[in-house]
Amino acid sequence: MTAHPKYDPSDFPPFAVTADLAVLTTQDGSLQIVLVQRGSDPYKGRWALPGGFVDIDEDLEPAAIRELHEETGLTVNEVAQLGAYGDPDRDPRMRVVTVVFWTHIDDVPPPAGDDDAADARLWDVEEILADPDLLAFDHHQIIGDVVATYRGTG
C-alpha cells in the first residue's frame, strides 16, 4: 500500500500511543486494583495503572498485557477494552493517547514492581478514588470509569 502522492506525514504533529491495564480483584470484601509506583518522571513517586508505550510493531491488547507483566510480574489472558483517553494535556511529555483495558480476576498474587515501576501493590479502590493526588496522569478518571463499568453503572 502506498500513500497518496500529495500526502506528507510531516504535515501532522507526532504523537504516541500507550496501553494501560486495570486489574481489579476482590479481597477481604473490598474491591481492589493493581497499581504501580512510577520510578521516573513525569510523576515520579505517584501511583498509576500498569502500562506504557506501544511498540511500533505491536497491537494494543498485547502491549497492555506485556506492560502489566513487565511492571508487576502478573500475567493475565483475557481483558476487555474500556476506551481511549486522549486529552491533549494528559501527559506532560508529549501528545499521548492511551487505550485502556481492564479485567477482574479472583486471586491476584502480590504484584512486585519491576522494569520502570519502583513498586507495585494492591490498593483499595475507595481509598484510591478518595485521593486523586496519589495518581499520575488522568488515572483517577480512568479508574473511576473502570470501577463504574465493573459495577455496571458506567
Could you see if [X] belongs to whatever hydrophobic cluster contains [Y]? Use Ile, Leu, Val, Met, Phe, Trp, Tyr and a side-chain cutoff under 4.5 Å.
X      : Y      : value
Val125 : Leu49  : yes
Val108 : Leu24  : no
Leu129 : Tyr150 : yes

Problem - Donor-acceptor pair between Asp20 and Tyr85 side chains, under 3.5 angstrom - result: no
Completion exercise
Contacts satisfying side chain to side chain donor-acceptor pair (under 3.5 Å) that involve residues 109-131 (not counting sequence neighbours) are Ser30-Asp124, Glu126-Arg151
Check for a donor-acceptor pair, side chain of [X] on one end and backbone N or O of [Y] on the other, with a separation under 3.5 Å.
X      : Y     : answer
Gln32  : Thr26 : no
Thr103 : Val23 : no
Asp87  : Asp89 : yes

Handout entry: Phe53 CZ: over 12 foreign heavy atoms closer than 6.0 Å
Key = yes
Problem - More than 12 heavy atoms of other groups within 6.0 Å of Asp41 CG - result: yes
Problem - Criterion side chain to side chain contact (heavy atoms under 4.5 Å, CB included) on Arg38 and Trp47, from CA distance to verdict - result: CA-CA 6 Å; Arg38 292 192 47 83; Trp47 293 88; over 6 Å; no
Report yes if the side chains of [X] and [Y] come closer than 4.5 Å at any heavy-atom pair, otherwise no.
X     : Y      : answer
Val34 : Leu74  : yes
Asp91 : Phe137 : yes
Val36 : Arg46  : no
Thr25 : Asp107 : no
Thr18 : Val97  : no

